[in-house]
Amino acid sequence: MTTINKKLSEETQSIELVIGTFIISTALFASYMLTNKNSNVLVVAFPFVVSAFLLNGIMLFHLTDRFIKLYNKRKDIAVKILLLLSNIPIMYFYYVIAMKL
């Protein structure tokens with residue numbers, strides 16, 4: 001029974017990562033826009049973007065590995081991969097807005 005709980009806790013880490021990076025990046029984008037494009041926000045945002053890119057890449061590799069190995073859970077893992085990849089267009093949208101305004 002502890003094995004099942006351990007597997008479920010591993011599965012929720014990807015969703016927590018997606019939600020966490022989305023909330024933090026949205027907060028950084030909002031603070032950048034509200035402070036009239038203050039460059040001090042970029043000093044904080046750049047290391048976050050680099051670390052979020054690295055962590056999301058590691059999680060994508062992990063989920064892809066689990067997708068290959070766990071045939072019976074492919075649908076759930078595919079949804080988690082799509083949620084993870086959904087952050088890319090959102091971040092690109094933030095970037096386009098910040099650069100054009």
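It should be emphasised that the depicted structure is a prediction, and the values quoted were computed from it without experimental measurement. Quick note: numbers below take in every heavy atom, side chains included, and nothing from hydrogens, waters or symmetry partners.
Hydrophobic clustering (ILVMFWY, side-chain heavy atoms < 4.5 Å, transitive): Ile58 and Phe22 are in distinct clusters. Phe93 and Tyr95 fall into different hydrophobic clusters, where Ile, Leu, Val, Met, Phe, Trp and Tyr residues are linked whenever their side-chain heavy atoms come under 4.5 Å apart, directly or through other members.
Rounding to the nearest 0.5 Å places OG1 of Thr64 at 10.0 Å from NE2 of His62. Taking NZ of Lys75 as the reference point, atom NZ of Lys80 lies at 12.5 Å (rounded to 0.5 Å). Between atom CG of residue Leu55 and atom OG of residue Ser14 there is a gap of 13.0 Å, rounded to the nearest 0.5 Å. Rounded to the nearest 0.5 angstrom, Leu60 CG and Phe53 CZ are separated by 10.0 Å. One distance of note links CG of Leu28 with CE of Met91; it measures 9.5 Å at 0.5 Å rounding. To the nearest 0.5 angstrom, Leu84 atom CG is 4.5 Å from Asn56 atom CG.
A side-chain contact (heavy atoms from CB on, under 4.5 Å) with Ile23 is found for exactly one of Thr26, Thr21, Ile19, namely Ile19.
Heavy-atom contacts from other residues, nucleotides or ligands closer than 6.0 Å to CZ of Phe46 number 12 or fewer.
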- Task: Report the C-alpha distance between Tyr32 and Asn38 in whole Å, list the side-chain angles of each, state the deciding distance to 0.1 Å, and finish with yes or no for side chain to side chain contact (heavy atoms under 4.5 Å, CB included).
- Result: CA-CA 6 Å; Tyr32 180 70; Asn38 188 356; 5.8 Å; no
- Yes or no on side chain to side chain contact (heavy atoms under 4.5 Å, CB included) for Phe29 and Val41, after CA distance, side-chain angles and deciding distance? CA-CA 9 Å; Phe29 174 73; Val41 176; over 6 Å; no
- Start with the C-alpha distance between Met59 and Val18, add both sets of side-chain angles, then the distance that settles side chain to side chain contact (heavy atoms under 4.5 Å, CB included), and finish with yes or no. CA-CA 10 Å; Met59 185 58 74; Val18 168; over 6 Å; no
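Among all heavy-atom pairs drawn from Val44 and Pro47, the shortest one is O-CD, 3.3 Å.
We find that Lys69 and Asp65 are joined by a salt bridge, their nearest charged nitrogen and carboxylate oxygen being less than 4.0 Å apart.
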